Amino acid sequence: MANLDPKTAENEYLLQQAQYYLSSDPTKSLRILSDDLTLSQLTTKQKIQWYLLNTRAAIVTNQLNNGYASLEQLFLLNEHPFFYEKLPSILSMTGVWLRKSSYINDAETTFTCALKQPSSLNQQMGLKISLAIIARHQANYIRAKALYKEAYQIAEKLKNERALATIANNLGVLALDNGKLTQANGYFRKALAGHQLQAKKPGHINAGINLLFVFLLQKQFINYQRLYDPIAKLVESFPDQPKRTYLLWVNSGYQATQGKLISQQLRAQLITEFDQLESEGLKRLIHKHLAPSLNIVLKLPAQQASKTFNAPWFKQVKLCNW
């Protein structure tokens, strides 16, 4: 930064700070981006960094509308050399936003396009994980597991402990989908330990609630009690309503097993918040394992064809001709 003017150098430092907190505290990243930086004072390269970071942080905290606004602005800068330099990351992030917004086929197209770009092993690993998540959504468990194993091999080669924890969590989800509770327990324990070691709050929360769910299904109530409080505190400190809803469902299921009367008010809340859960797969698991024990009748939405994303800037992504 020695060759930059003072304001540009200060902005560069703040962008680096936002990047630093992205995994451990994305809300702090969002605060830095919104409160400490002024877009009009950034260089074009810094604006691309800002939109990229803001979209990532918004996605992690499930602020999808905020994420879309940044994506749209980001693609308006697609002729800048730095945009092409960051293309694999931009496409990967776009695919995650599409998946979380239920544009499943378009997300798969975007991840596949990203894999065709010159990219690092780390980026290839992340894209394989993303494609595996799509395969799980499509109930193609064989393809999902194969993609996770390919990603795991890359993570081992890179000694990337965070990625190994993420993949372990996702393999646990596959095992849970298929009723293999002992296997799921092992994967989620490994994921939780990895995310704790890396101090990655979103991954720590995901693996923690997943493990609580398995403890409940296995009737390992002492293990459940030991884990619940630290996970609940993390969830409370993290602005992600779907994760709070997931934990509320799991803990309500636990309370029912302990003979606690579940009030009509809580049942109504659980039904109302059910649609806020992050994935159709999770909704199916809760419908199968938790709703009956709570005397809650849920109607799963009919399987719908993937929505089609038609924003003008997305045409270039579909063409994949960069």
Side-chain angles (χ1 to χ4, degrees), residues 23-24 129 133 136 141 144-145 148 152 155 161-238 240-263 266-267 269-270 273-274 276-279 281-296 298:
S23 296
S24 60
I129 292 171
I133 293 171
R136 182 236 174 182
Y141 297 113
K145 195 165 186 177
Y148 281 135
Y152 199 88
E161 296 297 331
R162 179 188 172 199
L164 289 170
T166 297
I167 297 166
N169 182 72
N170 293 346
L171 284 167
V173 170
L174 285 184
L176 184 54
D177 278 344
N178 289 281
K180 298 177 180 178
L181 297 183
T182 301
Q183 195 178 97
N185 185 312
Y187 280 129
F188 291 142
R189 283 177 182 271
K190 188 172 184 177
L192 183 62
H195 284 303
Q196 283 176 318
L197 189 64
Q198 297 294 308
K200 304 302 182 187
K201 193 180 287 187
H204 188 166
I205 290 171
N206 282 337
I209 305 177
N210 287 338
L211 187 54
L212 284 169
F213 195 179
V214 172
F215 283 157
L216 173 60
L217 297 180
Q218 293 183 305
K219 296 183 169 51
Q220 295 186 14
F221 298 135
I222 293 175
N223 285 337
Y224 184 98
Q225 292 160 8
R226 288 172 178 163
L227 182 61
Y228 177 76
D229 282 345
I231 295 301
K233 287 176 183 175
L234 277 176
V235 171
E236 188 61 33
S237 70
F238 196 72
D240 189 331
Q241 186 57 45
K243 288 182 176 58
R244 293 183 183 187
T245 298
Y246 182 18
L247 182 62
L248 180 64
W249 265 98
V250 171
N251 198 51
S252 297
Y254 167 75
Q255 295 296 336
T257 66
Q258 303 304 298
K260 183 174 180 180
L261 183 65
I262 305 301
S263 69
L266 178 56
R267 284 194 180 92
Q269 182 183 354
L270 291 168
E273 294 184 7
F274 180 71
Q276 296 179 14
L277 293 166
E278 286 185 287
S279 73
L282 180 55
K283 289 177 184 177
R284 288 194 296 270
L285 287 168
I286 284 176
H287 178 269
K288 178 180 179 179
H289 295 292
L290 296 180
S293 66
L294 292 165
N295 294 319
I296 292 176
L298 293 172

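Start at 1 with the first residue, then count along the sequence. Everything numeric here is computed off the predicted structure, so don't read it as measured data.
Relative ring orientation between His289 and Phe213 is described as perpendicular, the plane-to-plane angle rising above 60° on a 0-90° scale split at 30° and 60°.
Side-chain contact check for Ile133 versus Tyr148: some heavy-atom pair is nearer than 4.5 Å. Between Ile231 and Leu211, the closest side-chain pair of non-hydrogen atoms is not below 4.5 Å. A heavy-atom distance below 4.5 Å is found between the side chains of Phe215 and Asn185. The shortest side-chain heavy-atom distance between Val173 and Phe188 falls under the 4.5 Å cut-off. When side chains are defined from C-beta on, Leu216 counts as touching Phe221, because their heavy atoms get closer than 4.5 Å. The closest side-chain heavy-atom distance from Leu247 to Lys243 is not below 4.5 Å. Residues His195 and Thr166 are in side-chain contact: their nearest non-hydrogen atoms beyond the backbone lie under 4.5 Å apart.
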Open item on the list: As a quick check of understanding, evaluate side chain to side chain contact (heavy atoms under 4.5 Å, CB included) for Trp249 and Ile296, giving each step before the final call.
Closed with: CA-CA 11 Å; Trp249 265 98; Ile296 292 176; 3.8 Å; yes
Task: Derivation and outcome, side chain to side chain contact (heavy atoms under 4.5 Å, CB included), residues Gln225 and Tyr254 - done: CA-CA 10 Å; Gln225 292 160 8; Tyr254 167 75; 2.8 Å; yes
Open item on the list: The test is side chain to side chain contact (heavy atoms under 4.5 Å, CB included); show your working for Leu248 and Leu266 and say whether it passes.
Closed with: CA-CA 9 Å; Leu248 180 64; Leu266 178 56; 4.1 Å; yes
Open item on the list: Test side chain to side chain contact (heavy atoms under 4.5 Å, CB included) on Leu192 and Leu227; report intermediate values, then the result.
Closed with: CA-CA 11 Å; Leu192 183 62; Leu227 182 61; 3.9 Å; yes
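Nearest heavy atoms, Ala291 versus Leu298: CB-CD1, 3.8 Å. Closest non-hydrogen pair, Gln183 versus Lys145, comes out as OE1-NZ, 4.4 Å. Smallest separation of non-hydrogen atoms from Ala256 and Ser293: CB-O, 4.0 Å.
Counting non-hydrogen atoms of neighbouring residues, nucleotides and ligands closer than 6.0 angstrom, the CZ atom of Arg189 exceeds 12 such neighbours.
For the pair Asn178 (side chain) and Leu174 (backbone), a donor-acceptor distance under 3.5 Å is present. The main-chain N or O of Leu294 is found under 3.5 Å from a side-chain atom of Arg267 such that the two form a donor-acceptor pair. The backbone N or O of Asn206 lies less than 3.5 Å from a partner atom in the side chain of Asn210, making a donor-acceptor pair.
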